[in-house]
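Order of the sequence lines fixes the chain letters, A, B, ..., with proteins taken first and strands second; residue numbering starts at 1 for each chain.
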2 protein chains.
Amino acid sequence: MKISAKAEYALKAMYEIARHTQKNININVSEIAQLQGIPKAYLEQLIVHLKKAGLVRSIRGAKGGYVLSRNAGEINANEIIEAVEGPMDLGHCIGSKACSKSDKCVANDVVQQLRQSIDNVLNNITLQYFIDKYSNKEDI
Amino acid sequence: MKISAKAEYALKAMYEIARHTQKNININVSEIAQLQGIPKAYLEQLIVHLKKAGLVRSIRGAKGGYVLSRNAGEINANEIIEAVEGPMDLGHCIGSKACSKSDKCVANDVVQQLRQSIDNVLNNITLQYFIDKYSNKEDI
DNA sequence: GGTATTCTGATAAGAATAGTAAGAATTAAA
DNA sequence: TTTAATTCTTACTATTCTTATCAGAATACC
């Protein structure tokens, strides 16, 4: 039960992209990496997933970078994490022999409850929430 | 973000021990393994942790096995999972350089919210809840 | 044309997970 | 008192997952 570095990096990167998009400037991978302390080459890979998920738009070539493709209030932590980690699975039981009777599986019960709770939390955390809480007006 | 096999097995094993304890019989590792489809040798290791955490009592020697050491209503999923997985950590940020300013770390924010939510769910799932929901009166 | 950047794919080291195996210690029962 | 069943302990192993690193191709601004 842990948050992967992938998810952590993706949240941080999206926060930076969101901040800069609201200032009408794009930000490139090197800047994000430096601001948030993320290995650049690794981040490059992650951002591709964020792009494929439709969360950011890329601007290629010199002076390129990334901007949000939607409003910060319309992108939540669930989408961001799912973009880089794939659909949250949880639970080996699903479909296994011991749990074909999955409506009698205690582990499955726990997994379902957890999933619902986690989804609820992550769906309610938007990038706008991050900006309102963490971004100072005077920062770039 | 996933439930480990360890946690899954521990929940299932504790459920079986709880059921049997309420019938005043102890159950051994082989029986648990067979009933729940868990590799026996692996389960042996896990149960030792459950014992060290004070959740079960062992009866050694022939006709030995395990019984709950507390009432089923007083043992919850959080304790069970923590017993086999150690304290839930989540989040690489904690204490890292990029997040020494951890009150400005968006990933840390998410981790805190998740942790609280997960704890809340797991604390409210007791073994008695499992028994009431899943155990038929006519089963041994 | 040169440079900055995104994009793509291959590779690799290390950690974690899940499991296996062998046998020592303990105790009920024959 | 022996035997058999069981917990307990330790060491090992195979596989997958995570977290990168690296090299270079494609793209677009100046």
*Would you please say whether a donor-acceptor pair under 3.5 Å links the side chains of D109(A) and Q113(A)?*
yes
*Rounded distance (Å) that lies between atom P of dT6(D) and atom CG of L43(B)*: 14 Å
*Along nucleotides 10-16 of chain D, 5' to 3', which nucleotides get a B, which get an S, and which get a -, given that the test is a protein heavy-atom distance under 4.0 Å?*
BB-----
*Nearest to the side chain of Y66(A) - dT19(D), dT6(C), dC22(D)?*
dT6(C)
_Ignoring hydrogens and geometry beyond distance, is a side-chain donor-acceptor pair present between N124(A) and Y129(A) at under 3.5 Å?_
no
*Where along residues 56-65 of chain A does a heavy atom come under 4.0 Å from DNA chain C, residue by residue in number order?*
S58(A), I59(A), R60(A), G61(A), A62(A), G65(A)
*Can you tell which of dT6(C), dC22(D), dT9(D) lies closest to the side chain of V29(A)?*
dT6(C)
*Angle by which the axis turns from one end of the helix from dG1(C)-dC30(D) to dA30(C)-dT1(D) to the other, five pairs per end, to 10 degrees*: 10°
*OP1 or OP2 of dG19(C) sitting under 4.0 Å from any side-chain N/O of Y9(B)?*
yes
*Can you list every pair that meets side chain to side chain donor-acceptor pair (under 3.5 Å) and has a residue in residues 74-85 of chain A, with sequence neighbours left out?*
S4(A)-E85(A), R70(A)-E79(A), N78(A)-D119(A), N78(A)-N123(A)
*When rounded to the nearest 0.5 angstrom, what distance separates CE in M88(A) from CG in L90(A)?*
5.0 Å
*asked:* Nearest to the side chain of S4(B), heavy atoms from C-beta on, is which of dT6(C), dT7(D), dA18(C)?
replied: dA18(C)
*Is it true that K12(B) and E16(B) make a salt bridge, defined as a side-chain N closer than 4.0 Å to a carboxylate O?*
no
*From the options dC22(D), dT20(C), dT8(C), select the nucleotide whose nearest atom is closest to the side chain of A41(A).*
dC22(D)
_Hydrophobic clusters here meaning ILVMFWY residues chained together by side-chain heavy-atom distances under 4.5 Å, can you tell me if V48(B) and M14(B) are in one?_
no
*Starting at CE of M1(B) and ending at P of dT17(C), how long is that distance when rounded to a whole Å?*
14 Å
*Between K51(A) and dC7(C), is there a side-chain N or O to OP1/OP2 distance below 4.0 Å?*
yes
*How many Å lie between CD1 on I47(B) and P on dT9(D), as a whole number?*
13 Å
*asked:* My understanding is that only residues two or more places apart in sequence, or in another chain, count here; which of them pass side-chain hydrogen bond (donor to acceptor under 3.5 Å, both in side chains) with Q128(B)?
replied: Q22(B), D132(B)
_Distance in angstrom units between E8(B) CD and dG19(C) C1', rounded_ = 14 Å
List, one per line, each side-chain donor-acceptor pair under 3.5 Å for residues 59-69 of chain A, sequence neighbours excluded.
unit_1 : atom_1 : unit_2 : atom_2 : d
S69(A) : OG     : G54(A) : O      : 2.6
S69(A) : OG     : L55(A) : O      : 3.1

_Separation of dA18(C) P from I38(B) CD1 (nearest whole Å)_ = 13 Å
*asked:* As an exercise, state the distance from CG of L11(A) to CD of Q36(A), rounded to the nearest 0.5 Å.
replied: 10.0 Å
